[in-house]
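This report concerns only the one structure given below.
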Amino acid sequence: MCKDVTISEIKEAQRICLERGIPFFAYRLPDSGNFCFGAQISGEVAGNCSPSVFLEDSGFLFSPFHVANNSPVRFLRNDIDLSKAGDLDILKVTPKKNVPDTVPVGEIGKGIYIKQAERVISALRSGKIRKAVLSRVRQFFCDPYKKAPEWFDGLCETYPDAFVFLVSIPGETLWMGATPETFLRCSASCIQTMSLAGTKRKDDFSEWGEKDREEQRIVTEYIESCFRNIVGTEPLISGPELRQAGVVSHLCTMFTLNKSLSPGEISRLINALHPTPAVGGFPLREALKIICETENRERRYYAGYLGPVYGNGQFDLFVNLRSMELFRDRVELHVGGGLTALSDADSEWNETEIKSRTLLNLIE
Ligand SMILES: C=C(O[C@@H]1C=C(C(=O)O)C=C[C@H]1O)C(=O)O
């Protein structure tokens, strides 16, 4: 699906699609020099069913944190992928669609966040929940429809080891990000995922504290249990090691299974992995309950997963983090962090501030 396309062709195609209301996706895989693009020029964007339905197709999967009316599973086809000389011209003559503007969620400022964090921390200290990921929304007023192609280019340049993406479903949503976190990658003979948790500033060289190590351990043990219960084979596990993600560093453990799995096993693995305690918490049900009651908003596509699916059962899916939703006059960054009984509300706020620099450094 990914042809040799230049960044200027990608930017031009993005501009045309944004202007004409054509559904499209653009991405650059981690540590790759290839830019990929796909636009769906006919029919409705598919969705409203289980993400697994699409894993044998070719296109781009966009799956929310929670499936809801305003955030269904979406799957974009790549009718146009810029592989042919006339592809840009086809986009230019695709009829323009007038679509309604989408509605922002609203900023969640420091006062509200600190109250929410204190509430979650006291539940964590009562011992029923070990970890819960609390997130917030940060707004920035600007002209996203004009700027998006430049930002995409800038993110690719600045974060070579991130999955950089821009995905547009006109009238529904437009997201962009540079995520460091693999959800699940599947090639002909290898399955890979990661446990990514624990955060400090990139220039903080102190030892990792117990809070970060505990946060990481919870995710690692959870992923191990998913493999044990569903695949029955232990993957190769390496780490935790320090992993730089732009402005921050994380602890990262890699899981590699050198084996191909049946579509049924893959689908069960995906269902078990999402959401991992890296973006949800542990135990899952109790953590999701407190997140939902405390955040009091739909996360929509934040902390869901997304990426290209190649049509042969192979795919590269990533967690939707370090990302933002784009509106006519502003962007909304979604940013969160894992809380445990050892958390301090102010430090957690600072962590979300630092993580939001991943995108703000480029767009401000
Ligand atoms: C939730 C986010 O990041 C996740 C939470 C982390 C943490 O709590 O240390 C680290 C990496 C991610 O798994 C985010 O960036 O919004």
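Computed from a prediction, not measured in an experiment: that's the story for all the values here. In each ligand, atom 1 is the first atom listed, and ligand 1 is the first ligand listed. Values reported hereafter were calculated over all heavy atoms of this structure, with side chains retained and with hydrogens, waters and symmetry mates removed. Quick note: residue numbers are just sequence positions, from 1.
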Distance-only side-chain donor-acceptor flag, Ser42 / Arg77, under 3.5 Å: yes
Residues Glu351 and Thr199: side-chain donor-acceptor under 3.5 angstrom: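 Checked: Glu351/Thr199 side chains pair up, N/O donor to acceptor below 3.5 Å.
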[X]: numbered ligand 1 atoms lying under 4.0 Å from its heavy atoms:
| X | answer |
| --- | --- |
| Val335 | 16 (O) |
| Glu351 | 7 (C), 8 (O), 9 (O) |
| Ala278 | 4 (C), 5 (C), 13 (O) |
| Gly337 | 8 (O) |
| Glu181 | 12 (C), 13 (O) |
| Gly198 | 7 (C), 9 (O) |
| His250 | 10 (C), 11 (C) |

Plane angle bin for Tyr222 and Phe282 - parallel if under 30°, tilted between 30 and 60°, otherwise perpendicular: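 Aromatic pair Phe282/Tyr222 classed perpendicular.
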Path from Val279 to Val105 over hydrophobic side-chain contacts below 4.5 Å: no
Quick one: nearest non-hydrogen protein atom to [atom], plus distance?
| atom | value |
| --- | --- |
| atom 2 (C) of ligand 1 | Gly336 O, 3.4 Å |
| atom 15 (O) of ligand 1 | Arg322 NE, 2.6 Å |
| atom 1 (C) of ligand 1 | Tyr302 OH, 3.3 Å |
| atom 6 (C) of ligand 1 | Lys355 NZ, 3.4 Å |
| atom 8 (O) of ligand 1 | Gly338 N, 2.7 Å |

Structural part of Thr199 in contact with ligand 1, heavy atom criterion under 4.0 angstrom: both
Intermediate values then yes/no, side-chain contact (heavy atoms from CB on, under 4.5 Å), Tyr113 and Leu134: CA-CA 9 Å; Tyr113 174 88; Leu134 181 66; 3.6 Å; yes
Min heavy-atom dist Ser135 to ligand 1 below 4.0 Å: no
Sidechain N-carboxylate O distance under 4.0 Å for Lys115, Glu118: no
Pair Lys200-Asp212, salt bridge (charged side-chain N to carboxylate O under 4.0 Å, His left out): steps then yes or no: CA-CA 9 Å; Lys200 58 183 181 180; Asp212 289 304; over 6 Å; no
Heteroatom proximity flag, Leu196 to ligand 1, N/O under 3.5 Å: yes
Criterion side-chain hydrogen bond (donor to acceptor under 3.5 Å, both in side chains) against Ser135, the qualifying member of Arg297, Lys355, Gln116: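 When side-chain hydrogen bond (donor to acceptor under 3.5 Å, both in side chains) is applied between Ser135 and each of Arg297, Lys355, Gln116, only Arg297 qualifies.
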Among Phe318, Phe255, Tyr305, Phe163, side chain to side chain contact (heavy atoms under 4.5 Å, CB included) partner for Thr182: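 The single option meeting the side chain to side chain contact (heavy atoms under 4.5 Å, CB included) with Thr182 is Phe318.
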Contact check, side chains of Leu174 and Thr102, non-hydrogen atoms, under 4.5 Å: no
